[in-house]
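Accompanying notes for the structure given below.
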Amino acid sequence: MSLNKQGLNTVCTHVGELEDKQHKGAVSPLYMSTSYAFDDVDVKRYPRYFNTPNQEGLCKKIAALEHAESALIFGSGMAAVSTALMAFLRAGDHVVLQQTLYGGTYNLVTEEFSKYGIEYTFTQGWEPKDFEAKIKENTKVIYVETPSNPLLTITDIAGVSAIAKKHNIVSMIDNTFASPVNQNPIDFGIDIVIHSATKYMGGHSDICAGAVASSKVYMDRIFQLAKNFGGSLSDYTVWLLERSIKTMGIRVRAQNENALAMATYLFGHADIDAVYYPGLPSHKDYELAKRQMRGFGGMLSFELKPYVDASKFQKSLKLIKSSMSLAGVESTLLSPTQTSHALMSAEVRAEQGIRDGLIRFSVGIEEVADLIEDIEQAIADVKVSTSITAN
Ligand SMILES: *Cc1c(COP(=O)(O)O)cnc(C)c1O
């Protein structure tokens with residue numbers, strides 16, 4: 001279902017833009033007002049009601065990008081995740097969540113849900129049948145994340161949506177890693193799509209925001225809670241995010257290309273043990289990824305051979321910085337064991353296939369040759385320093 005017939009970059013550039021009637025400026029004017037005089041008492045504009053002119057404009061763009069009827073923007077990805085989940089869960093309800101989840105979502109569920117009497121189960125595996133196996137009488141929501149963090153596993157979106165529909169359960173997906181450029185889960189039957197807009201939508205590592213897109217009926221239910229939780233985004237950042245999304249199509253397509261090139265290079269490398277990228281034919285879900293993704297994204301992971309110390313390797317890089325976040329135009333990487341998954345026990349990490357030498361790589365838009373050169377010099381540097389200490 002595509003509600004907007006225009007192509008991706010046209011939607012990114014134009015949908016939802018506000019016209020500057022006064023001065024005919026090229027970009028949307030920014031309205032910072034928190035107070036609006038009303039002619040009609042029914043329309044009360046207020047930032048926390050998610051209905052300022054800039055919020056409404058950006059919501060139209062995001063809805064169009066996700067082939068959804070409606071959308072809302074939040075102050076962070078976690079505000080979007082928590083509000084969407086809590087809008088469909090109450091005491092006594094149960095939610096089935098994918099085993100490998102973004103750390104913040106995992107923390108939300110495991111640290112908060114029991115306080116509200118909400119039950120949860122994580123799947124063991126990524127197949128639709130693994131989700132179905134965990135459904136109970138009181139299951140109200142199924143929650144998916146694909147490609148997953150950090151191993152880039154792929155979940156069959158159509159398969160899981162069909163199971164949710166069969167059991168009359170609301171399906172949600174965290175579509176952050178793919179971005180709407182590469183994947184539109186609503187086309188495969190998912191009910192609610194969630195984004196950390198901090199990542200590819202923002203794309204320049206200078207915005208923290210979130211988004212939810214769905215049908216009008218579901219978005220209305222989410223809005224009822226959103227206005228009470230109060231997780232709205234400042235209009236200044238709304239405006240900046242709208243500006244950023246104009247280039248999302250070209251940014252993400254460039255990142256797709258660079259990530260594939262880097263994955264191919266790493267795959268053949270003598271000092272690399274494994275590469276996880278859904279765009280490599282060697283990836284176990286390559287065929288599935290091709291069915292549901294238009295591009296394979298800018299995220300990949302790789303394992304260094306045990307003799308290449310992962311933290312020394314990171315310190316030896318000159319161009320590629322170690323950083324917690326991802327999806328910026330600049331390439332960054334991190335060791336999940338030391339950062340995003342540090343709070344997990346070693347057993348849980350092992351269960352999920354996260355080894356100590358694993359590096360998660362967010363590929364930017366730099367020239368591939370420069371990225372390769374940086375990795376080459378870092379590996380050479382670690383090998384030299386290691387052999388000196390060994391003697
Ligand atoms: C970053 C991220 C989030 C959380 O978003 P914030 O903007 O940091 O709150 C959720 N899901 C995924 C996959 C993410 O990468």
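We're numbering straight along the sequence, starting at 1. Counting starts at 1 for both ligands and their atoms, in listed order.
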Residues forming a ring-ring contact (aromatic ring centres under 6.0 Å, His included) with H204, sequence neighbours excluded: none

Pairs satisfying salt bridge (charged side-chain N to carboxylate O under 4.0 Å, His left out), at least one member in residues 256-281, at least two apart: D271-K383

Side chain to side chain donor-acceptor pair (under 3.5 Å) pairs, two or more places apart, involving residues 8-32: H14-E17, S28-E242

Heavy-atom neighbours of K318 NZ exceed 12 at 6.0 Å: no

No-hydrogen, no-angle side-chain donor-acceptor test under 3.5 Å, E137 and H94: no

Of Y106, F113, F131, the residue whose pairing with F122 passes ring pair (Phe, Tyr, Trp, His ring centres under 6.0 Å): Y106

Can you list every pair where an N/O of ligand 1 is under 3.5 Å from an N/O on the protein?
residue, atom, partner, partner atom, Å
ligand 1, 5 (O), S196, OG, 2.9
ligand 1, 7 (O), G77, N, 2.8
ligand 1, 7 (O), S196, OG, 2.9
ligand 1, 7 (O), T198, OG1, 2.6
ligand 1, 9 (O), G77, N, 3.0
ligand 1, 9 (O), M78, N, 2.8
ligand 1, 11 (N), D174, OD2, 2.6
ligand 1, 15 (O), K199, NZ, 2.7

